Amino acid sequence: MKKSALRRQAYDEPLWWGLFSAGGVCFAVVVPAAILFLALLIPLGVVSLDAERARSLLFSLPGILFVGAVVCLPLFHAAHRIRHGLFDLRLGRDKPNKWLTYGGAALLSAVALGGVLLGMLQ
Amino acid sequence: MQKSSDALPPLKRTWWLKHRYFVAYMVREATVLPLLFFAACLIAGMIALLRSDAAWSSWLEFMSAAPVLMLNGLALVASLYHAWTFFQLFPRVMPLRIAGRTLPSQAIVAGQWAGVVLVLLLFVWLFTGGAR
């Protein structure tokens, strides 16, 4: 029993690693510009974005790509790092941590993508 | 169930404070924490757009509060720190060869920064009236 558990292959790891890598690229290449505009320049009033324009940009096919690159994939990147960070700090156990981190990323991704689809239907 | 990680000699929770390289590693790992805050802000903004114009206005007001701006400013610095370290890592992990010659790593790093600038220009075009 113990021996077979030790030899158990982690078949899911390539998936998490793939999402982590893709998210890492998005975090580095796409996220800086998104933060600069959406979280700094627009709230500061340097660039203006009214609700109507924001809806037409976000609730569209490019909007789905935007949410995938700025929200979903970076969330899975963050989940992977937090999971390993918890391991590094010896907090919790890996199995529930995996559910918590990847589950959280999946849930928030579903909310974000669902929101775009809902907006497209409105 | 015995995990292979449990077989390692036990480390103290503060092991990473013992060397500046370990601290730098943990700081790099922590760059995702302000990113989470930014992602949560974006999801809140999307929900505001789904609700009403008034909700969007109050989202903008929330986003312009000083602590929120500071956290998102930190998120920008964190994303650039992640980019800076990640771009240097990439040519070491995956050296690119074209026509039998290895591409110099500076060229790969420069190419990735060019990607960041390209996305920035796309946002400038989108938000300054170019795409209207």
Side-chain angles (χ1 to χ4, degrees), chain A residues 1-3 5-6 8 24-25 27-45 47-55 57-59 67 69-72 74-75 77-82 84-85 87-91 93-95 108 111-112 115-116 118-119 122, chain B residues 1-5 7 10-13 15-16 25-26 29-33 35-36 38-43 45-50 52-53 55-57 60-64 68-69 72-73 75-76 79-80 82-84 86-87 112 115-116 118-120 122-124 126-128 131-132:
Chain A
M1 177 68 193
K2 196 175 161 184
K3 215 169 183 181
L6 270 174
R8 198 172 59 109
V25 173
F27 184 19
V29 177
V30 188
V31 169
I35 298 176
L36 181 64
F37 272 86
L38 297 167
L40 297 174
L41 295 181
I42 289 168
L44 284 170
V47 176
S48 72
L49 179 67
D50 56 43
E52 193 193 343
R53 172 99 178 117
R55 285 193 192 99
L57 281 173
L58 181 61
F59 301 143
V67 167
V70 176
V71 180
C72 303
L75 276 177
H77 180 84
H80 192 78
R81 278 208 189 165
I82 290 168
H84 286 283
F87 177 82
D88 289 339
L89 294 173
R90 300 183 64 81
L91 295 172
R93 282 151 42 86
D94 190 49
K95 205 174 177 186
L108 287 174
V111 168
V116 175
L118 204 66
Q122 270 182 355
Chain B
M1 185 163 53
Q2 183 81 18
K3 288 217 37 130
S4 56
S5 55
L11 275 173
K12 280 199 182 135
R13 216 158 256 151
W15 63 269
W16 53 280
Y25 162 78
M26 287 304 258
E29 291 293 285
T31 56
V32 299
L33 297 176
L35 170 73
L36 276 186
F38 170 68
C41 286
L42 282 193
I43 291 173
M46 187 186 62
I47 292 169
L49 280 180
L50 287 169
S52 64
D53 288 9
W56 174 254
S57 300
L60 283 179
E61 207 174 303
F62 165 77
M63 291 296 282
S64 61
V68 178
L69 282 174
N72 278 320
L76 178 62
S79 71
L80 290 173
H82 163 78
W84 181 58
F86 178 75
F87 292 166
Q112 292 174 109
V116 176
L118 208 67
V119 173
L120 191 68
L122 176 73
F123 274 72
V124 170
L126 275 177
F127 290 120
T128 53
R132 234 174 246 272

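Predicted model only: the values in this text are computed from it and were never measured. Protein chains get the first letters and strands the later ones, always in sequence-line order, with residue 1 at the start of each.
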For L58(A), is it the side chain, the backbone, both, or neither that has a heavy atom closer than 4.5 Å to a heavy atom of chain B? side chain
Whether Q112(B) side chain and F87(B) backbone form a donor-acceptor pair below 3.5 Å: yes
With only heavy atoms counted, which part of A34(A) is less than 4.5 Å from chain B, the side chain, the backbone, both or neither? both
Looking at G73(B) and L40(A), what are the two nearest heavy atoms and their distance? N-CD2, 4.0 Å
Would you mind checking which part of L118(A) comes under 4.5 Å of any heavy atom in chain B, side chain (CB onward), backbone (N, CA, C, O), both or neither? both
Using a cut-off of under 4.5 Å for heavy-atom pairs, which of D88(A), I42(A), L91(A) has the most such pairs with chain B? D88(A)
Mind checking what makes ring pair (Phe, Tyr, Trp, His ring centres under 6.0 Å) contact with W84(B), not counting sequence neighbours? none
Find the distance between CG (L57(A)) and CG (L126(B)) and round it off to the nearest 0.5 Å. 6.0 Å
Under the side chain to side chain donor-acceptor pair (under 3.5 Å) rule, what do S48(A) and R53(A) come out as? Steps first, then yes or no, please. CA-CA 10 Å; S48(A) 72; R53(A) 172 99 178 117; over 6 Å; no
Bottom line for F62(B): the part with an atom under 4.5 Å from chain A's heavy atoms is neither
In terms of heavy-atom proximity below 4.5 Å to chain B, should F27(A) be classed as side chain, backbone, both, or neither? both
Interface moiety of V47(A) toward chain B, non-hydrogen atoms closer than 4.5 Å: side chain
Can you name the residues that form a side-chain contact (heavy atoms from CB on, under 4.5 Å) with S52(B), not counting sequence neighbours? A54(B), A55(B)
